Amino acid sequence: METLHPRIRFVWSILSLVLALVCGVVVVFVDRLVVTVGSWPAVVVAVLIAVAGVSYSILRYRRWGFALSDDAIEFEYGVVTIVESVVPYVRIQHVDTQRTAIDRVSGLARVVVYTAGTRGSDVTIPGVSPDRARTIQQRLRERASTDDIDAV
Amino acid sequence: MKRLHPLSAVSTSLRLGVQIASVPITVVMFLNFITEIEFMYGLYLFPVGFVAGVGYGIVYYRVFRYDLTPDTFDVESGVINRQERDVPYHRIQNVDVHQSLFHRLFEMAVVSVETAGGSQTEIKLNFVRRSEADRLQSSIREHKRDPTSGDRSTTADDTTPSSAQPTALFELTLPKLLVLALTDVRVGSAMLSAIALIGFRSLAERAVLSLAQPLGGPPSLALASLTPDNALILSIVSMVSACLWIWLVNAVLVFIGQFGFVLGRTGEDLLYEFGLLNRSSGSIPQSKIQTLTLTEPVLARLIGWAGLKAETAGYAPGGEGRGGTDYVVPIAPRAQTLRIATGIKSFESPAVNRPPTIARRRYAARYSIIVGLLTLASYLVKTVVGGFELWYAPALLFVLVPIGAHAKWANRGYRIEDDHIIVRDGFWRRTTRIVPYHRLQTIRLQRSVFQRRLGLADLTADTASSTVLFSNDATAFDISLADARTDSERWREQFRASLER
């Protein structure tokens, strides 16, 4: 299994630290404006969310893997619920590479694989290097088009 | 190129006229609230909006054209944005013909053509003569079957489709319709049941109050006469009566909706028709069927009856406002339903293996936690409010925990066959889905924290179906992880093999 770009750990961790900070500020506002709870709950909330967020980010990174095998692309991800999914190349409708604002700042990209299936069948590989994203897209395009079979 | 029926110009322009004319009225009415603007301005604008709407409707009719070419169904439309759409016949999933009461009065019908993907109907002819609708339906069918027979049915006056009369496969007779009405309870009916009560609110209130009183309910709904105890009794009584009311309203709706259901077959296609007031008919090409689903609502199961649905990748037949009535057989004795099902896709039996018994323990634990929390909440109410003698009532639900856990466990199951998978789930509405390997889109193995502790996993076969809402992918719930691993490998191999066939 191929792992994500290690830098994604820091991106996810920073995002959860921002979330922790926001929650802490909310608690401070509640303290000032609604009910006086003192200043320590804000710190506790922020620290708890920060610790949980950072460890979640690291676990998430450790769990994430994908592999381009002979007939299908395989994914494994998830912390609370572990998902292992297999998408046969012939079923791929199209493949996107995307870069959100955060991706661009951190120099990463994501690959989105679409199928004709229903719920949860579109899989996103978050956090790969832009070059790698392009080569994955390229390879998937070649694989998906080799077979002249309806994807439905 | 052909046009819609002239009557459609009349109906579309009238509808649009009223719709567009009502916009300035609403706007003026709103402005009237916040500024000094005269309400009458809205009325002056009414004719302007009406004329604009009618004009748009007429132009829409004049520019809307459709035609059957040798290999595509072409539609040109759009007043402001022109659109030309050519749909190749082999991409068409199903063709539906729908007649509302109004359409039936004038022998008219709406034709909807569905392809895979997209959240909207690909082509909608709103509306044409009924005979034209039937001609389109059968021509498209023929084109799909035999691409070379093209030019023959493209001529406008070819009103006699060469396909033979469909052979009847199933008819929903009156006794069957009654069974269906009483057993097939749909979630959607709850909303309509509530709406049906709007006019009779005080009557319903009085009825529920008088039912609850002998059991210890409150004398009135006034806050002063309510105690936690009699409020609890009242809410239980009203819940039970609400269920009965929904059941009754649902029965009427199902009766009207599915009245006169017939299923037939022409060559490769399944044709069905149903409805008392609104009449709908649809065609499903058998080669486009993704999965078959045996539906057994709990009441039907008691008497050994079952229904059958066929899912295609098109927008679900009946998806638009008809509430997912994509039945192939609404209800029949199980043996008859199975006979029809095996005629569509051969399979031996819908029998499945239940999940390991450890799964049942998991459900029991889950329900116990829920009941425990309810009891705790009720105890907290007692300590805060006081005078709540029946606070322990939720704890009585513990009796139901083992029953519920067993029912959930016993109705779940999964079996693997040479060319398809069978999964079953649901107590209230048990569904048994038959998924051929060559219809697999993705395979997903999933384990939550709780499942990992018990060595269980969910294995999902995702198919290209269209029911996004309430979609239930075919999932084998809570099978042992070892089985899930080997089976997902096996599904994958079988899928690969099915492509080569």
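Computed over heavy atoms, backbone and side chain alike; hydrogens, waters and symmetry mates excluded. Values in this document were obtained by computation on a predicted structure and should not be read as measured data. Below, chain A is the first sequence line, B the second, and so on; all start at residue 1.
Heavy-atom distances place no part of Phe450(B) under 4.5 Å from chain A, backbone and side chain included. Using a 4.5 Å cut-off between heavy atoms, Leu459(B) makes no contact with chain A at all. Residue contact with chain A, scored on non-hydrogen atoms closer than 4.5 Å, involves the side chain of Arg496(B) exclusively.
Electrostatic pairing of Asp419(B) and Lys345(B) counts as a salt bridge here, judged by a charged N lying under 4.0 Å from a carboxylate O.
Closest of all the heavy-atom pairs between Ser85(A) and Arg444(B) is CB-CG, 3.7 Å. Among all heavy-atom pairs drawn from Val128(A) and Ala133(A), the shortest one is CG2-CB, 3.8 Å.
Contact count versus chain B (heavy atoms, under 4.5 Å) is highest, among Val79(A), Val83(A), Asp71(A), for Asp71(A).
Taking the six-membered ring for Trp and thresholds of 30 and 60 degrees, Phe347(B) and His420(B) have ring planes more than 60 degrees apart, a perpendicular arrangement.
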